[in-house]
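A short worksheet on the structure shown next.
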Amino acid sequence: MANNGHNGHHVPEALGLTPAEITADQVSRVVSSGPKYRTALILSGALFALGIVGFVIRALEGFDDRSIWGYYAATMVWLLTTAGAAPLSAFAFRMTKANWRKPMVRAAEIWGAVTIYIFLLLIPMYFMIPSSQTGADSFRPTIWFHASWGAPHLWSAMGMLGFILAAACFFWITTVPDHAVLRDSDASRSWNRRLAIRWRGTSTQWQILQVGIILFGTFFFMGLFTAHFLVPSDFALALVPGWKDAIFPAYHMLTALQGGLATLIVTMYVMRRWGGLSDYIKMEPFWALTKPLIATCFLWFYFWWCAFIVYWFGRSDGEIGVLRYIQFETYRPFFLAGFLLCFLIPGILLIANPVRKSIIGPTIVSLIILVGLFFDRIRIYVASFGVPNDEVGHHAFDLSHALPAMILPDAIDIMMIVGAISGAVFVYLLVTRLVPPISMWEMKEDVLLRVIRPLLRGTYTLIGKPR
Amino acid sequence: MKAPVVASDQLINEELLNTVLVTNKRFWMLAVLLSTGVFAAVVVVVLLIINGLSITGFNRPVMWGFYITNFVFWIGISHAGVMISAILRLSQAEWRRPVTRAAEVLTVFSLLTAMMNPLIHTGRPWRTIYWLFPYDFARGIWPDIRSPFVWDPSAVFTYLTGSTAFVFIALVPDFAVIRDRTTGWRHVVYGALALGWRGTPRQWKLQIVAGVLLSAIILPVFVSVHSIVSWDFAVALVPAWHTTIFAPYFVIGAVHSGVSAVITMMAAMRWLFKWDNYITPDHFDSLGRLLIVVASAWFYFTLLELFFSIFYVESHEIAVWDLRFFQWPYNLMVIVFVFTGYIFPVGLWLSKRVRRNIVAMFWISIFVNIAMWLERFLIIVPGLQYKQAATFSWGSYMPSAAEGIFVLGTFCFVGLLLLIFSKFFPLIPLFDIKEGKVLTTEIQVGRVGVPAVYREE
Amino acid sequence: MVRASERDSKWSMVVDIDRCSGCQACVIACHAENNIKLPDEEMYETGRTQNWIRIDRYWEGEFPDVKARFLPVFCQHCGNAPCEPVCPVYATYHSLDGLNIQVYNRCVGTRFCANNDPYNVRFFNWWEPIWPDIMRNYLNPDVTVRSKGIMEKCTMCVHRIRRAERTADRDGREINDGELMPACAQACPTGSLVFGDLNDDNSKVSHMVEDERAYRLLESLGTGPNVVYLKKVDPEYKGEAVKHHG
């Protein structure tokens with residue numbers, strides 16, 4: 001039953017490049033940059049500066065009133081959900097030995113370096129949330145319970161620091177062989193020598209590399225879970241009385257998987273369209289990435305529904321208050337936008353094979369998801385930051401007395417949103433100066449393992465799976 | 001991956017149809033043993049129907065106990081089949097081939113067994129069967145669709161129907177093989193079951209399309225079944241039940257116990273039918289690696305459940321967790337559950353040598369399922385014992401012999417059904433093995449031969 | 001009952017904890033009125049006693065300064081009853097006059113309602129009901145004898161309510177406040193249990209629920225209980241109660 005191409009499966013194409021050509025091309029990309037790159041860098045840099053201005057203006061108003069920082073928090077968490085999770089694809093599909101991953105891994109890993117920037121954005125948020133020690137009579141529920149000191153600020157910051165360290169290490173270890181190539185080329189720069197840590201390409205070194213990727217990848221994966229446990233618990237659940245939602249960190253993690261995939265697809269599209277990488281990034285990774293993407297869209301609904309049905313059936317004051325506040329009354333427009341753009345529209349679009357079997361289709365769907373996730377973050381974080389502190393102390397367990405009003409962004413919020421997002425793009429662009437945008441060593445491996453052979457009545461691509 | 005089978009098509013037919021055509025001594029020993037267990041369970045059920053639920057250990061407030069625990073457990077086991085078959089089929093994992101049939105059949109039989117539990121649990125099964133259908137046409141009283149107990153049978157029977165179709169579709173080509181090798185009434189019966197299969201390209205294509213479609217359709221059902229089972233608990237106001245995490249937590253726990261049960265079963269098949277050429281250490285290796293991920297995800301959900309149960313430091317929630325963790329006998333159960341459910345298995349599975357050691361894998365998988373049974377028990381009973389803050393009504397639960405024997409009986413029942421199945425149908429799909437043989441080959445890279453497959457995953 | 005809706009009653013009970021002496025007369029009266037199985041040793045040992053109304057007893061304070069506190073608990077006839085939606089067969093539902101009704105012959109015995117009942121006031125018939133011969137003639141003909149496998153609970157003596165309604169209909173008048181009482185309220189020597197129509201502005205219960213001592217059991221669960229409790233008046237009360245039973 002040779003069914004490649006017969007039952008709707010995409011037939012993989014063989015890459016038309018030799019290993020030497022790959023090296024030459026990629027090395028040249030690190031050395032010189034085109035006008036498009038410079039325009040993008042200047043534009044994102046300018047917008048980033050605008051965001052910094054916005055931040056400074058807002059910071060003059062102080063950090064005590066949390067509600068004015070809601071949109072800042074939503075943007076920061078949105079970046080954590082999208083860019084912060086993108087490197088996971090590079091790790092997960094290495095683990096499953098998927099061959100199509102090879103052109104896209106580096107695009108994903110560079111986002112790992114961007115997590116350092118995301119962490120910088122997180123730091124001001126620690127000044128906004130109350131300590132869990134706000135006095136004996138107004139106990140504030142947190143995952144840190146009665147922690148004697150430093151909770152949540154110190155412990156949460158340490159957890160997040162672990163996450164970005166894992167992300168940075170993962171980014172670095174996957175680039176080691178490429179740094180060695182750069183070191184040995186004309187484009188050699190001092191950091192290449194240092195980052196290549198005497199790489200000679202011996203069998204032992206390759207084995208160590210594999211182990212290192214698994215190790216740091218696992219750390220990154222666990223760190224991602226930790227980050228998406230700490231951030232929603234400390235910055236959302238703990239701030240809203242009655243919001244006791246065990247699935248919420250898992251839901252948050254799921255949106256991170258969804259956002260990570262969407263970010264990666266959009267990044268690949270940009271690299272193809274404007275980065276001149278269309279010889280490397282073909283339809284294969286787009287087609288393959290939409291499969292997990294469609295699963296995350298439907299799981300979005302599933303995870304939302306699991307929380308909803310329990311709250312709706314439970315009907316206690318706190319539960320109904322939270323449902324009304326973040327979903328059905330105060331933040332209903334944002335919830336509906338998230339519902340449509342994260343689940344319904346992408347889910348329906350991705351069912352269609354023609355949409356998935358293209359390059360523009362997955363890209364558009366990914367953009368829809370990214371926008372939807374932004375609305376979703378708004379309804380979570382702006383809503384949580386909008387609950388005043390007093391209320392937590394007084395009626396500790398519900399929102400049934402009064403729902404806070406909806407907060408809409410003002411000009412400074414928009415400056416910060418645009419600036420924060422541009423900042424991430426700016427950092428990403430800078431990192432592409434350090435390493436080639438395509439993982440050279442894996443592309444060469446792909447060239448070696450890909451063979452076209454006849455079988456029965458047709459010819460098929462045969463892909464080697466080293467043990 | 002190394003080609004698992006180096007036999008000719010002829011030999012594959014002979015070896016895999018072995019179970020259907022020959023019966024060995026181990027088979028009879030097992031059959032007698034399992035039948036005894038089933039008989040004991042039947043006796044208990046008869047006693048229970050005569051005496052009512054007074055012979056169980058239920059009381060107020062612990063109205064649910066062993067039977068419901070066992071129900072959740074078997075529903076959990078039933079998630080093995082679809083997990084292995086549908087997901088691995090859709091992701092085109094090569095190593096799934098010898099595993100799928102056994103897993104699917106385990107699904108069907110464990111679902112049947114699971115549904116017996118709530119029926120027996122009510123004490124008057126005939127009335128309970130009666131309400132499973134919209135019954136009272138005359139007075140216009142339909143079942144209350146707000147109740148999770150209406151969602152539950154709907155989901156389970158949909159899953160049962162779907163997975164039966166799934167098994168059947170995959171069996172059709174093999175029925176044809178048996179039809180062609182038998183005579184007399186068997187020839188007629190297998191002929192009818194084979195639905196006129198001739199192995200034409202069109203038939204193959206239809207069979208593949210049906211398989212892929214069923215895989216895709218059954219996946220949402222697979223997720224919904226255990227989610228709905230979890231809502232039997234999560235929508236209730238019982239402390240430590242009423243938590244939003246339950247649905248995915250139950251589903252992933254079900255996959256953990258189900259895939260472990262498949263390992264147990266594969267090891268048993270190897271022992272019973274001597275299929276060493278088909279079920280190889282490679283398969284145990286792959287399942288072990290899969291389980292590391294599944295078990296870790298499941299443990300993550302366990303921790304979420306714990307964290308957010310005590311998130312608000314409410315006295316009645318704390319009381320239940322105190323009962324679970326620190327009071328006899330639950331403290332022992334928790335220790336056993338955490339160690340045999342996660343720490344030991346995952347620790348051992350990290351080692352490739354353990355993953356490839358079939359005896360070790362057999363025992364580890366058994367221990368995982370002991371832990372998973374305890375997990376369900378620990379979820380269900382302590383919450384009921386300390387329901388809400390009204391301490392005057394707190395109670396305890398001690399299961400009776402009637403419950404224990406029935407639970408053991410269900411294990412024997414599933415085993416017996418599987419044995420009987422193996423007598424009439426091949427437990428390893430013949431056509432799938434042959435397909436795998438065609439698609440697996442080797443390519444030459446430099447000085448080494450690298451195993452390769454004719455498809456991307 | 002169509003008439004119930006015409007009457008627009010909302011039957012309720014007010015329990016004045018301050019008056020309760022813990023004498024258990026209500027428990028006995030309820031047993032006699034509603035044909036509740038007589039508890040024997042085995043029922044106690046297995047935790048299967050059936051008391052539609054029970055007196056929860058809590059100890060407050062530390063020895064020797066210890067006080068017994070009594071809390072009569074029975075079905076709270078919640079306005080938003082958690083036991084109702086979980087029943088797959090509508091064996092329990094809400095009547096128009098505010099009662100939580102149990103339909104015996106529709107019950108199949110899933111016992112989900114009992115689990116979801118936060119007050120633990122639902123009882124399952126584990127045994128076939130058997131009374132000593134001498135007791136058989138004492139059974140109340142107005143109340144069904146429940147067979148094994150069925151859930152039962154306080155009905156607020158619905159048979160008495162319906163009888164009072166019939167009587168009032170026949171006489172063409174409204175039901176007078178205090179005309180009808182469940183067995184427990186009737187038997188209560190201290191007048192701790194007061195029954196009446198909350199929708200009747202002049203009834204005794206309507207006035208009592210306005211009391212500042214009024215509260216409902218486990219109110220934060222959102223069950224909306226129909227039964228109102230009046231707090232204990234305790235001059236010696238010193239802050240948080242230490243509760244333990246045994």
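Throughout, a chain's letter reflects where its sequence line sits, starting with A, and its residues are numbered from 1. Note that the coordinates shown come from a computational prediction; the quantities given were computed from them, not determined experimentally.
Less than 6.0 angstrom separates the ring centroid of C/Phe112 from the ring centroid of B/Phe149. Under the 6.0 Å cut-off for aromatic ring centres, B/Tyr386 and B/Trp394 qualify, their centroids lying closer than that. Ring centroid separation for the pair C/Trp126 and C/Phe124 comes in under the 6.0 Å cut-off. Here B/Phe406 and B/Tyr67 bring their ring centres to under 6.0 angstrom of each other. For B/Trp373 and B/Phe337, the ring centers are positioned 6.0 Å apart or more.
A salt bridge between C/Lys67 and C/Glu60 is absent, with no side-chain N of the basic residue lying under 4.0 Å from a carboxylate O of the acidic one. Ion pairing of C/Arg54 with C/Asp56 is present here, as a side-chain N (NZ or NE/NH1/NH2) and a carboxylate O approach within less than 4.0 Å. One finds a salt bridge joining C/Asp16 and C/Arg213 here, because a Lys/Arg side-chain nitrogen approaches an Asp/Glu carboxylate oxygen to under 4.0 Å. Ion pairing between C/Arg48 and C/Asp40 fails under the 4.0 Å rule for side-chain N and carboxylate O.
Of the listed residues C/Thr49, C/Asn125, C/Val86, the one with more heavy-atom pairs under 4.5 angstrom with chain B than any other is C/Val86. When each of B/Leu237, B/Asp144, B/Asn59 is scored by its heavy-atom pairs under 4.5 Å with chain C, the top score falls to B/Asp144. Note: C/Asn120 leads C/Asn120, C/Leu217, C/Val73 in heavy-atom pairs under 4.5 Å with chain B. Between chain B and the options C/Phe123, C/Tyr119, C/Tyr90, C/Trp127, the largest number of non-hydrogen pairs under 4.5 Å is found for C/Tyr90. Of all the listed residues (B/Trp64, B/Tyr397, B/Trp241), the one sharing the greatest number of non-hydrogen pairs under 4.5 Å with chain C is B/Trp64. Between chain C and the residues B/Gln388, B/Met63, B/Arg146, the largest count of heavy-atom pairs under 4.5 Å involves B/Met63. Looking only at heavy-atom pairs under 4.5 Å with chain C, the residue among B/Ile55, B/Ile145, B/Asp232, B/Asn51 that has the most is B/Asp232. When each of B/Gly123, B/Pro125, B/Ser396, B/Pro148 is scored by its heavy-atom pairs under 4.5 Å with chain C, the top score falls to B/Pro148.
In this structure, chain C has no heavy atom under 4.5 Å from any part of B/Asp152. Proximity to chain C is absent for every atom of B/Ile380, based on heavy atoms less than 4.5 angstrom apart. Both the backbone and the side chain of B/Leu53 have a heavy atom closer than 4.5 Å to some heavy atom of chain C. Contact of B/Thr56 with chain C is made through backbone and side chain together, with heavy-atom distances under 4.5 Å. The contact between B/Phe58 and chain C is made by backbone and side chain atoms together, counting heavy-atom distances below 4.5 Å.
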